[in-house]
There are 2 protein chains.
Amino acid sequence: MNHVSDKKPEHETIYVRVKEMILFGEFIPGQPITILGLSESIGAGVTPVREAIRRLTAEGALRSLKNRRVEVPEMSDHRLSQIELVRMSVEPALATMAAANIDDRVIAELEQIDTLVDKAIDNGDTREYLAANYQFHFTLYEAADALILQRIAESLWLQVGPSLRVVCGRYGTAKLLDQHREATLALREGDTEKVKKAIEEDIRQGLALVRQTLRA
Amino acid sequence: MNHVSDKKPEHETIYVRVKEMILFGEFIPGQPITILGLSESIGAGVTPVREAIRRLTAEGALRSLKNRRVEVPEMSDHRLSQIELVRMSVEPALATMAAANIDDRVIAELEQIDTLVDKAIDNGDTREYLAANYQFHFTLYEAADALILQRIAESLWLQVGPSLRVVCGRYGTAKLLDQHREATLALREGDTEKVKKAIEEDIRQGLALVRQTLRA
DNA sequence: TTTCCGCACTTTTGATCAAAAATAGATTCG
DNA sequence: CGAATCTATTTTTGATCAAAAGTGCGGAAA
């Protein structure tokens, strides 16, 4: 046999696993992370966990203290405004590009995901809401076929992730608006500009909620 | 004594070293990277090199193939336009924020660095030019005190780095304009808007040169 | 009480090794 | 001759271990 195995290396698997833990609010802002602790809790060797943590650190999802410790960064007004600046530039661009490329099969997929979002909101299931919401956005962005932008967006989502847990912890899922219907409708109409506007609004609302929680 | 040693871990040192190799054009686009090869060439253990490579990969400076191999990515029109979009949003913002905060000591430092840029251009010293040019920009951006934006900018520079070698290889340093004087003068005048414009123009010119080289 | 120090315990770090995987050449087969 | 296969070599991967570094607590001294 030969070349190009399809099974991913352990550190890759662990990376994805921890990434999702961060994205879906399983860490508290400020929480210290230990390599040993993580590797024990997910039952993996310490070496691949180390690599995954370096990667997440490089993406800003974790912060490496000068004491060789690693922690989940806390959100601040200062950080939030930087994140907002870039998200408002990158994600609408991704949405625009996606709208130009997307085919009906993917639009249908998005509509499907959106029903999961609604269901999660109705059920007050925070973790499921965060997962479905993430999936909606990145399924859309995937269609843009712009890997560099997508990775930047992902890095920014990782930085907001832990705060979303706090937002939902405070308000539950009650306050969450679903801005997605606007977007899928516009996609069906082929109205690129409207798709962009919907995503802009979605980001604005989400970050406003985080900011509000921050100040409280 | 206690706590908080000031000596950095090996993987951190190696990260910086390799980062500079990429930034200053010591790798050719498309060049394959091997962990073993790197660790032998810089005389380090394989473990910290691995960590550094993961980190650079997460930043987009290296690309990990599905064959478990790692290479220096080649530039393309598609990648370049994504990079341009974000650089034109992030770096002018950094420059603006920097201009608002900066003190005379740092401005003097920038003027000092700029003489090094000029000298490198005169001498046709590509590596020195790239190093000084980098130092100019990031000394400025540092003053913005906006770590998230700064890290995004750095990630984008890393992705352009290897192409700059090609640009300079083709044209030498002759074609390089020095846009920096504009910027330092505007900083002295406290003209924030003009600083921003100067940086925008600098980025535009640099990327235009890369694009031109790409098409040739 | 407060501060400082020492000590036991935890964690990170980086080298090393065996196993898995990939590559490149040489060889065989059609 | 070209394509597929086998094999020797290189490389990556992940576990393990010893050494370095950090943490935090308890007790002694001010």
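By convention in this document, chain letters (A, B, ...) are assigned in the order of the sequence lines, proteins followed by strands, and residues within each chain are numbered from 1.
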Sorted by number, the residues of residues 45-56 of chain A with heavy-atom contact under 4.0 Å to DNA chain C: A/R50, A/R54

Carboxylate-amine/guanidinium contact B/R63 B/E74, below 4.0 Å: no

Are any of B/N67's side-chain N or O atoms less than 4.0 Å away from OP1 or OP2 of C/dA21? no

A/H11 NE2 to D/dT13 P: how many Å, rounded? 5 Å

To the nearest angstrom, the CD-C1' distance between B/E12 and D/dA20 comes to 17 Å

Would you be so kind as to tabulate the donor-acceptor pairs closer than 3.5 Å made by side chains of residues 112-119 of chain A, with sequence neighbours excluded?
residue, atom, partner, partner atom, Å
A/D114, OD1, A/H180, ND1, 3.3
A/T115, OG1, A/Q112, O, 2.6
A/D118, OD2, A/R181, NH2, 2.9

Atom CD of A/E142 with >12 non-hydrogen neighbours under 6.0 angstrom: no

Expressed as a whole number of angstroms, how long is the span from B/E10:CD to D/dA21:C1'? 15 Å

Can we call the ring centroids of B/H137 and B/Y141 under 6.0 Å apart? yes

Side chain of B/R69: nearest nucleotide among D/dT13, D/dT23, C/dT23? C/dT23

Please give, in whole Å, the distance from C/dA22 P to B/I35 CD1? 14 Å

Member of B/Q205, B/E200, B/R204 meeting the side-chain hydrogen bond (donor to acceptor under 3.5 Å, both in side chains) criterion with B/Q179: B/Q205

For the pair made of NZ in A/K8 and P in C/dA21, what is the distance, rounded to whole Å? 15 Å

In whole Å, what is the span from the CG atom of A/L36 to the P atom of D/dT16? 12 Å

Take atom CD of A/E71 and atom P of C/dT12, then tell me their distance rounded to the nearest Å. 13 Å

Any ion pair linking B/E12 and B/R55 (charged N to carboxylate O, less than 4.0 Å)? yes

Whole-Å distance separating the CG atom of B/L65 from the P atom of D/dT12: 12 Å

